[in-house]
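Inspection log for the structure reproduced underneath, given as structure tokens.
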Amino acid sequence: MPDGIAYGGDWNPEQWPEETWEQDVALMREAGVNRVSVGIFSWSSLEPVEGVFDFGWFDRVMDLLAENGIGANLATPTASPPPWFSEAYPQALPVDADGRRLHHGSRQGFCPSSPLYREKALRIAEQVALRYRDHPALALWHVHNEYGCHNARCYCDTSAAAFRAWLRTRYSSLDALNEAWGTAFWSQRYSDWSQILPPRATPSFPNPGQQLDFRRFSSDALVELYVAERDLLKRLTPDVPATTNLMAGAHWDMDCWAFAAELDVVSTDHYLIGARRERHIDLAFAADYARSLGGGRPWLLMEHSTSAVNWQPRNLAKTPGELRRNSLQHLARGADGIMFFQWRQSRAGAEKWHSAMLPHAGTDTRIWREVVALGAELAGLSGVTGSTVKADVALLLDHSSVWAQDHPAQPTSELDPVEEAKRWHAALWRAGVTCDVARPEGDLSGYRLVVVPQLYLVSDEGAAGLEEFARRGGVVVVGPYSGIVDEHDRVRLGGYPGAWRDLLGVSVEEFLPLDAPIRLASGASGGVWSEAARVTTAKVLDTYASGEPAWTRNEFGDGVAHYLTTLLDDAALAEVLATACREAGVSPEAVSVPGVEVVRRSHPDGRSFLFAVNHTGEDATVTTAEGETVTVAAGDAVVIPG
Ligand code: GLA
């Protein structure tokens, strides 16, 4: 990280004549840019023919940056192998579940398990590292780009062999695998490892265990690629930190926790989805998740957009001031760097309609003025770097659980664990309560309240961890269809939710998905899902018309565990979470005003920064927990040092 907040974006000078580069760096300085990501998609320019390298032009790029005091997130260009690669090694191209081999012509055209890809990727990464290991512009290794964004799962024969090897390590014996996958069902029993395939297109539902393990394997294959490049870079430049830009909260094919464990600094990309009404709350979720991945350490927003993107059905431009609010939200939630895709808007190529810091129309534009103003503002906030956000609440979410629930044969197709997690996060956001995202197996001891919106699959360790948290005095709220299956997607028997019947004091005998919302005794409504449940030790706080429980509360050890058997409407969910916050002694940073976000970042020595972001069209006055009042104009954001 530079001394202050990292500010800049992806710079792709290879898309422009050299005459443009001087102007680029001059404008970067005008905008307060101190960091750019370079080389991300440069493989075919750096190695135009296999084994023939051309670094002259890139030397000039790096020198220009150094001369202008701009640091480089120097990429290994491995996210987009050149056409020569696939022409020479067509067997390294990815294959989809239907057996279609994909061709070059876009990016990420490689099979993650291909030894040929790995060899060529490591060779170009090594060339880059050897050439620039001592270059003064080198600040951070930007390994690859968004691993798995387009090629997360490959079904080719090479992947099949790698999958079998992965399974042998995991299960040791075929008997153990058959048991884990429940292959007695539909006569799927394997008598030889060679019979096992990736879950390719098949006449009916695939085996759930096979599908789940294939997703785990595929994610691991990508992490392995990162680690191979990272290790090579560390050998040559032990002191240069390395990262890869994740897509935390947006893309669920890669296990972000597994990646994060290998990164020196967590970095992530975030894009608003235009069709979502409260996009700024989605942003808060992604930022909270990114912070959590690094255990609360400051992280780097590697990419977001100054305005519209180019890949949604309708690409909405940001409204005046939205770019600044978005950036300050990320900063408030722990980012030490605010960067964009990309520096100069492309003239050609598939992303020419994607906004940038420097638009097609040039510098006499609203976007440019906002970019320059933001650069100046961030330069004045350098004291924020290194400070952290303390959350008393954790929300449990897990990739394996999301993957398992993704199997098509479910009691209803209307449950979506990620959407439900976001809905609960949004309820806490509206109450002004900052929350972390955590894994069930993670350390929960620093939290007062743990919420579990929908965790279909939980390992024995994760199940025990939540129980232990409550036993020691923590407050827990569990939503339906949680704690249902073990790590192999096998049902935990004896009444649902098998993992947490004791914790919750509830036993469920049947799922009752709904075809329309239903009214509860309290007047609240439940949607999508209900259950035939009975309490064992819990008290019933709300019921269906039948008298069966919809909301229960169980005292467990020194703590309390709430359970919901339906998806409560937003207002009722907010009520349940408010009750749990009160019981846990969790209070917001400020008395909440609808649409105004208040977060504090603090240094260990007590210095802090209070961020207040007003997402509404009305001026608002918030009162902090310390009794301070802060007025934030409509659409404005303020940062108050304390
Ligand atoms: C991703 C990629 C970038 C670019 C942007 C467009 O984040 O990393 O290269 O394609 O999307 O939104």
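Every number for a ligand or one of its atoms is a count from 1 in the order of the listing. Just the heavy atoms: all of them, side chains too, but no hydrogens, waters or symmetry mates, feed the values below.
Remark: R60 engages E18, W21, W57 in a side-chain contact (heavy atoms from CB on, under 4.5 Å) (not counting sequence neighbours).
For F58 and F55, the gap between ring centers reaches or exceeds 6.0 Å. Ring centroids of H104 and W84 are separated by 6.0 Å or more, keeping the two rings apart. Taking the centre of each ring, H270 and H304 stay at or above the 6.0 Å mark.
When each of S42, S45, S346 is checked for a side chain to side chain donor-acceptor pair (under 3.5 Å) with Q15, only S346 meets the rule.
Side-chain atoms of E303 and Y271 include a donor-acceptor pair closer than 3.5 Å.
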Quick check on ligand 1: any N or O pairs to the protein under 3.5 Å? One line per pair.
| from | atom 1 | to | atom 2 | distance (Å) |
| --- | --- | --- | --- | --- |
| ligand 1 | 7 (O) | E146 | OE1 | 3.4 |
| ligand 1 | 7 (O) | E146 | OE2 | 2.6 |
| ligand 1 | 7 (O) | E303 | OE1 | 2.4 |
| ligand 1 | 8 (O) | N145 | ND2 | 2.8 |
| ligand 1 | 8 (O) | E146 | OE1 | 3.3 |
| ligand 1 | 8 (O) | E146 | OE2 | 3.4 |
| ligand 1 | 8 (O) | E303 | OE1 | 3.1 |
| ligand 1 | 8 (O) | E303 | OE2 | 2.8 |
| ligand 1 | 9 (O) | R107 | NH1 | 3.0 |
| ligand 1 | 10 (O) | R107 | NH1 | 3.2 |
| ligand 1 | 10 (O) | R107 | NH2 | 2.9 |
| ligand 1 | 10 (O) | E351 | OE1 | 3.4 |
| ligand 1 | 10 (O) | E351 | OE2 | 2.3 |
| ligand 1 | 12 (O) | W311 | NE1 | 2.8 |
| ligand 1 | 12 (O) | H354 | NE2 | 2.7 |

